[in-house]
Visitor: 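One structure is given below, represented as structure tokens, and several questions about it will come after.
Model, not experiment: these values are computed from the prediction. Protein chains get the first letters and strands the later ones, always in sequence-line order, with residue 1 at the start of each.
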Amino acid sequence: MLLDSKFNPEISINSGQMFLWEKYKNSWYGTYGSLILKFSITNNEIEFCSAPKFDNWEHFIFRLDDNIQNIFSNFSNDIILPKLLKRYTGLRLIRQDPHQCMISFACSSNTNISMIRTMLKNLSMKFGIKKQIDNKIFFTFPAMKNLYKASINELCSCSVGYRAKAIKSIAEKMVTGALTIDELYRCKYDDARKILTSIYGIGNKIADCILLFSLEKTEAFPIDVWMGRAIFMYYKRLIDNRKVTIINTNKKLSDNQYSILSEMMRNHFGKYGGYAQQYLFYHIRNTKMKKW
DNA sequence: CGCCAGGCAACGG
DNA sequence: CCGTTGCCTGGC
């Protein structure tokens, strides 16, 4: 495949949510559940493979069927998104494995990306399956069954701290069949979010990340502290002051404030607002943060 | 040492 | 509804 302006896998990985990807020389390796994915770039040519074989995985993972131009035509009146589309060419929304996505974001509370990566790598080494590819060692993402069986102490040995309880409660729902991925796929955004937030350890923000990155809810608009800052910078005029009085960018949003702002952004951007979120998120971190 | 980082739950007003 | 508090961990 030829690298072109519609798709740049490296910038998509750098956007932050593809936690378990590593670069060696001119190749990237990453985990999608029980698959190890790989792509290599030489000159302007890019080549994809995987183990076990999953033909055209890049098509699925990077949502290459989505027509970015069409999607952004919904944002043409927005104050900044048309600029961001030009500036971050090739940035895609990604599909993650739903189980992996739930655990990944359950690990994300009150910490940073590098720590999330450490936790997930530790969990994979302890509870995943070892694979050798190109003389390098990788681990598949742990099966829910193994996380469910693990003791809190075993989970804690992966440096997840108090998040161990959340990991177990998610794994329990999935293993016992109290909740299925299929059910979440079929539900509408609102219903799926309610189900997710009823699980211990999953609040508003983490639910929105899971919905957007793994459950086909492209309207989901996660608001972390960075997105809160972006809203404060660019979308203050949209805020109904009768509902949300002040946004202090140093303070975390209350549940109610989160709901109001997230709904406001969904109304503003519509069905593919998650794409807007992806570009805004990349932009605000890219410009306001010194390093990743 | 103290403070902070891509939230959450539990609790008191 | 709001605000406060504690929480594992590693980096600074």
Side-chain angles (χ1 to χ4, degrees), chain A residues 13-21 93-94 96 101-123 125-126 147 150-170 172-173 193-214 220-233 240-263 265 274 276-292:
Chain A
I13 289 174
N14 284 338
S15 70
Q17 300 87 352
M18 295 177 81
F19 301 109
L20 288 175
W21 281 76
L93 188 63
I94 43 151
Q96 295 189 15
C101 191
M102 288 193 225
I103 301 300
S104 298
F105 284 99
C107 288
S108 74
S109 79
N110 200 23
T111 188
N112 50 45
I113 288 180
S114 85
M115 196 56 210
I116 299 169
R117 290 163 55 84
T118 300
M119 295 180 209
L120 297 177
K121 277 191 260 184
N122 289 343
L123 288 171
M125 277 194 275
K126 196 170 172 75
L147 296 176
S151 68
I152 292 288
N153 276 344
E154 284 176 308
L155 293 172
C156 281
S157 74
C158 300
S159 302
V160 299
Y162 65 88
R163 303 165 192 84
K165 206 174 150 188
I167 293 171
K168 275 209 85 155
S169 64
I170 292 167
E172 182 185 1
K173 295 271 185 195
R193 193 194 51 211
K194 273 179 202 139
I195 293 172
L196 284 176
T197 51
S198 73
I199 300 172
Y200 181 91
I202 300 184
N204 266 328
K205 187 266 173 183
I206 291 177
D208 272 331
C209 288
I210 296 168
L211 291 165
L212 177 60
F213 298 123
S214 75
F221 198 96
I223 303 174
D224 59 10
V225 295
W226 290 98
M227 194 52 57
R229 288 167 195 152
I231 292 173
F232 187 69
M233 277 182 71
D240 183 343
N241 291 320
R242 290 165 301 181
K243 293 181 183 165
V244 181
T245 46
I246 301 168
I247 304 182
N248 182 336
T249 53
N250 296 317
K251 251 197 189 126
K252 289 172 181 170
L253 300 171
S254 71
D255 272 5
N256 195 44
Q257 286 175 320
Y258 184 100
S259 301
I260 291 166
L261 291 180
S262 182
E263 187 184 359
M265 299 309 277
Q277 197 270 359
Q278 182 81 345
Y279 276 71
L280 276 168
F281 179 74
Y282 189 76
H283 175 64
I284 194 84
R285 296 223 353 161
N286 204 32
T287 52
K288 298 289 169 194
M289 209 179 178
K290 289 173 189 74
K291 69 184 183 103
W292 288 86

Visitor: Taking the P atom in each of C:dC8 and B:dC11, what is the distance between them to the nearest angstrom?
Guide: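 Per the computed distance, 15 Å lies between those P atoms.
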Visitor: Across all strands shown, which nucleotide pairs with B:dC8 by Watson-Crick or G-U wobble geometry, both distances under 3.5 Å?
Guide: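 Here B:dC8 is engaged in a pair, and the nucleotide opposite it is C:dG6.
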Visitor: Measure from CD on A:Q257 to P on C:dT4 and round the result to the nearest Å.
Guide: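 Nearest whole value for this atom pair: 12 Å.
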Visitor: Strictly distance-based, threshold 3.5 Å: is any side-chain N or O of A:S108 a donor or acceptor partner for the main-chain N or O of A:S104?
Guide: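 No; zero donor-acceptor contacts below 3.5 Å.
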Visitor: Ignoring hydrogens and geometry, is there a side-chain-to-backbone donor-acceptor pair from A:R285 to A:W226 under 3.5 Å?
Guide: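 No; zero donor-acceptor contacts below 3.5 Å.
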Visitor: So if I take every side-chain heavy atom of A:Y200 and compare against B:dG7, C:dC2, B:dA9, which nucleotide ends up nearest?
Guide: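 Nearest nucleotide to the side chain: B:dA9.
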Visitor: Check the phosphate of C:dC7 against A:N110, side-chain N and O only, distance under 4.0 Å to OP1 or OP2. Yes or no?
Guide: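 Indeed not, no polar side-chain atom of A:N110 lies that close.
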Visitor: Would you confirm whether A:Y200, through its side chain, and A:K165, through its main-chain N or O, come within 3.5 Å as a donor-acceptor pair?
Guide: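 No, because the side chain of A:Y200 does not come within donor-acceptor range (under 3.5 Å) of the backbone of A:K165.
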Visitor: For the pair made of CG in A:L261 and P in B:dG7, what is the distance, rounded to whole Å?
Guide: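 Atom CG in A:L261 sits about 15 Å away from atom P in B:dG7.
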Visitor: Any side-chain N or O of A:N112 under 4.0 Å from OP1/OP2 of C:dG10?
Guide: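 So the side-chain polar atoms of A:N112 never come under 4.0 Å of the phosphate oxygens OP1 or OP2 of C:dG10.
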Visitor: Looking at A:S254, does any N or O in its side chain come under 4.0 Å of the phosphate oxygens OP1/OP2 on C:dC2?
Guide: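 Answer is yes, contact under 4.0 Å.
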Visitor: What's the CD1-P distance between A:I152 and C:dT9, to the nearest Å?
Guide: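 Going from CD1 in A:I152 over to P in C:dT9 covers 12 Å.
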Visitor: Within this structure, what is the CD1-to-P distance between A:I199 and B:dA9, rounded to whole angstrom?
Guide: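 Rounding to the nearest Å, CD1 of A:I199 and P of B:dA9 are 10 Å apart.
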Visitor: Measure the distance from NZ on A:K252 to P on B:dA5 and round it to the nearest whole Å.
Guide: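 To the nearest whole Å, that distance equals 7 Å.
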Visitor: Using a heavy-atom cut-off of 4.0 Å across all strands, would you classify A:F105 as base, sugar-phosphate, or nothing?
Guide: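 Base contact.
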Visitor: Is any side-chain N or O of A:Y162 under 3.5 Å from a base N or O of B:dG7, one able to act as donor and the other as acceptor?
Guide: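 Present.
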Visitor: Quick one: which of B:dG7, C:dC1, C:dG10 gets closest to the side chain of A:K205?
Guide: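 The listed nucleotide nearest to A:K205's side chain is B:dG7.
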Visitor: Round to the nearest Å and state the distance from A:M119 atom CE to C:dG10 atom C1'.
Guide: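 Whole-Å distance recorded here is 9 Å.
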Visitor: What's the closest nucleotide to the side chain of A:R163 if the choices are C:dC1, B:dG7, C:dC8?
Guide: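 Closest nucleotide among those given: C:dC8.
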Visitor: Counting only N and O atoms by type, is there a donor-acceptor contact under 3.5 Å from the side chain of A:T197 to the main-chain atoms of A:K194?
Guide: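 Yes.
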Visitor: By nearest heavy atom, map A:S108 and A:I202 onto DNA chain B; which one lands nearer the 5' end?
Guide: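 Looking at the nearest nucleotide for each, A:S108 comes out on the 5' side.
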Visitor: Test your reading of the model: is there a side-chain donor-acceptor pair from A:Q96 to the backbone of A:Q17, 3.5 Å cut-off?
Guide: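 Pair found, side chain donor or acceptor close to backbone of A:Q17.
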Visitor: How far, in whole Å, is C:dG11 from B:dC8 if one measures between their P atoms?
Guide: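 Taking atom P in both B:dC8 and C:dG11, they lie 24 Å apart.
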Visitor: Whole angstrom is fine here: how far is it from CG in A:D255 over to P in B:dC8?
Guide: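 So the CG-P distance, A:D255 to B:dC8, works out to 8 Å.
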Visitor: Would you say a side-chain N or O of A:S109 is under 4.0 Å from OP1 or OP2 of C:dC7?
Guide: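 For C:dC7, OP1/OP2 do not have a side-chain N/O of A:S109 under 4.0 Å.
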Visitor: Main chain of A:A220, side chain of A:Q277: is a donor-acceptor contact present, judged purely on distance under 3.5 Å?
Guide: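 No, A:Q277 side chain to A:A220 backbone: no donor-acceptor pair under 3.5 Å.
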Visitor: Rounding to an integer number of Å, can you tell me how far A:I116 CD1 sits from C:dG11 P?
Guide: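 Spelled out: CD1 on A:I116 to P on C:dG11 is 15 Å.
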